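Since the structure comes first, as structure tokens, the remarks are kept for the end.
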2 protein chains.
Amino acid sequence: MGTPAAPPTSAASEAWLLMSRLLRENRGPFFAACAEERLSPPQVMALQLLEPAIPTPMSDLAGLMHCDNSNVTGIVDRLEARGLVTRRPATHDRRIKHLLVTDEGAAVRARLVAQLSEPPEPLLRLSTAEQRQLRDLLRKALG
Amino acid sequence: MGTPAAPPTSAASEAWLLMSRLLRENRGPFFAACAEERLSPPQVMALQLLEPAIPTPMSDLAGLMHCDNSNVTGIVDRLEARGLVTRRPATHDRRIKHLLVTDEGAAVRARLVAQLSEPPEPLLRLSTAEQRQLRDLLRKALG
DNA sequence: GCCATCTGCTTGAGGTCGTCAAACGTCGCT
DNA sequence: AGCGACGTTTGACGACCTCAAGCAGATGGC
């Protein structure tokens, strides 16, 4: 009996671990961007998840952030206190509070997205052909 | 003048954004693993970063976790209280505290790593050839 | 209409995270 | 020995996170 068919770690597993490592080792710019805008990481995450021009219920945001409803209340409180976001009761169901990104919020968000889309050094070590290949694989996976 | 040479978003930028999204949208298993072991996310992160059999100074761990030295003190306190980790002053410099993963800690860590290396559904949608391609690109980038 | 029930959000308690400033013990050097 | 630098810890304070409880608004049966 030689090597069994199942490898010790599949290519998908190893790819997943490598991606996790790549992200973990390159969170420096993320924290730097947070500090620059004087926002906490959860606040930045929330602002990033809120599409401007798309009113989003609190509970939807909670789902996206994998956390409790009551937790978003506090995070949104602080974003609202800074004038980056507003709450507006939905017209058809006034229990629901829609979150809206203000103009200032959209400006901050745009700066954040710009900074966070800056690829880290390991990706830049790939040739442009390889970068495209990587992008296409990810597009297909997430498609 | 036609389209300028610099594209609106480079392939590397888009790949980076897609990877970030893939990780953000697939943190469910991570939180599930934390809950299963009754550990907080930072505690899991720390335990995952500590290679068993490699004594690691507190400040090294702080660097890996992108956070303050005084913060890891508390996190390690809790891990130590659970018997997953121990502190031992380095022999040549007694200011330094080396962190050691206990046998029980190594067992918990092994379970965690096994769970966290499970690739998310989007990666499994790629063919095995594409998975290998993705893995090879990431290997090369992280070289 | 009226009430029970459910849902979405908020509040409060309790614990962890995260950062800063200050303190303590240890090291290296002169 | 004494001085400055370093690794860790402590304490204070705010933010995060979860749970349980509460509140207003919506829904369905009668």
Side-chain angles (χ1 to χ4, degrees), chain A residues 24 27-50 55-82 84-100 108, chain B residues 24 27-28 30-50 55-82 84-100:
Chain A
R24 184 172 13 95
R27 287 190 301 183
F30 173 71
F31 291 123
C34 293
E36 220 164 292
E37 301 291 346
R38 305 219 165 254
L39 292 170
S40 69
Q43 286 163 11
V44 167
M45 190 114 289
L47 190 54
Q48 204 182 349
L49 288 168
L50 291 176
T56 309
M58 301 278 294
S59 42
D60 284 18
L61 183 55
L64 292 171
M65 293 183 65
H66 292 284
C67 75
D68 199 275
N69 273 358
S70 66
N71 196 9
V72 232
T73 296
I75 295 172
V76 168
D77 279 350
R78 287 172 276 267
L79 286 176
E80 197 173 22
R82 293 230 188 161
L84 306 181
V85 152
T86 55
R87 278 181 247 236
R88 181 162 55 68
T91 55
H92 62 299
D93 184 344
R94 295 218 309 285
R95 290 174 302 181
I96 297 174
K97 303 270 182 74
H98 277 151
L99 299 176
L100 294 176
V108 171
Chain B
R24 185 171 14 100
R27 286 190 303 183
F30 173 71
F31 291 122
C34 292
E36 220 163 293
E37 301 291 346
R38 308 219 164 253
L39 292 170
S40 69
Q43 286 163 11
V44 167
M45 189 116 290
L47 190 54
Q48 204 182 348
L49 288 168
L50 291 175
T56 309
M58 302 278 294
S59 42
D60 284 18
L61 182 56
L64 291 171
M65 294 183 65
H66 292 285
C67 75
D68 199 275
N69 274 358
S70 66
N71 195 8
V72 290
T73 297
I75 294 172
V76 168
D77 279 349
R78 274 150 236 146
L79 286 176
E80 197 172 22
R82 292 229 190 163
L84 306 181
V85 153
T86 55
R87 279 181 246 236
R88 181 161 55 67
T91 55
H92 62 299
D93 184 345
R94 295 218 310 285
R95 290 174 299 180
I96 298 174
K97 302 269 182 73
H98 277 151
L99 299 176
L100 294 176

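Below, chain A is the first sequence line, B the second, and so on; all start at residue 1. Here the structure is a predicted model, which is why all the values come from computation and not from measurement.
- Remark: C1' of dC9(C) and CD of Glu80(A) are 13 Å apart, rounded to the nearest angstrom.
- Of the residues in residues 86-94 of chain B, those placing a heavy atom less than 4.0 Å from an atom of DNA chain C are Asp93(B), Arg94(B), in numerical order.
- For Gln48(A), the side chain to side chain donor-acceptor pair (under 3.5 Å) criterion is met by no residue, not counting sequence neighbours.
- Screening residues 86-96 of chain B for salt bridge (charged side-chain N to carboxylate O under 4.0 Å, His left out) gives Asp77(B)-Arg87(B), Glu80(B)-Arg87(B), Asp93(B)-Arg95(B) as the qualifying pairs, with residues at least two apart or on separate chains.
- Within residues 57-70 of chain B, the residues approached by DNA chain C to less than 4.0 Å at the level of any non-hydrogen atom are Cys67(B), Asp68(B), Ser70(B), in residue-number order.
- Bracketed by its first and final contacts, the part of DNA chain D lying under 4.0 Å from non-hydrogen atoms of chain A reaches from dA15(D) to dA26(D) in 5' to 3' order.
- With sequence neighbours excluded, the residues that form a ring pair (Phe, Tyr, Trp, His ring centres under 6.0 Å) with His66(A) are Phe31(B).
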When you compare the protein's N or O atoms with those of nucleotides 4-6 of chain C, which come within less than 3.5 Å of each other, and at what distance?
none

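- Within residues 38-49 of chain B, the residues approaching DNA chain C are Ser40(B), Pro42(B), Gln43(B), by heavy-atom distance under 4.0 Å.
- Annotation: side-chain contact (heavy atoms from CB on, under 4.5 Å) contacts of Ala32(B) (sequence neighbours excluded): none.
- Judged as a side-chain contact (heavy atoms from CB on, under 4.5 Å), and not counting sequence neighbours, the contacts of Leu61(B) are Ala46(B), Leu49(B), Leu50(B), Met65(B), Val72(B), Val76(B), Leu99(B).
- For Ser70(A), the side-chain contact (heavy atoms from CB on, under 4.5 Å) partners at least two apart in sequence or on another chain are Asp68(A).
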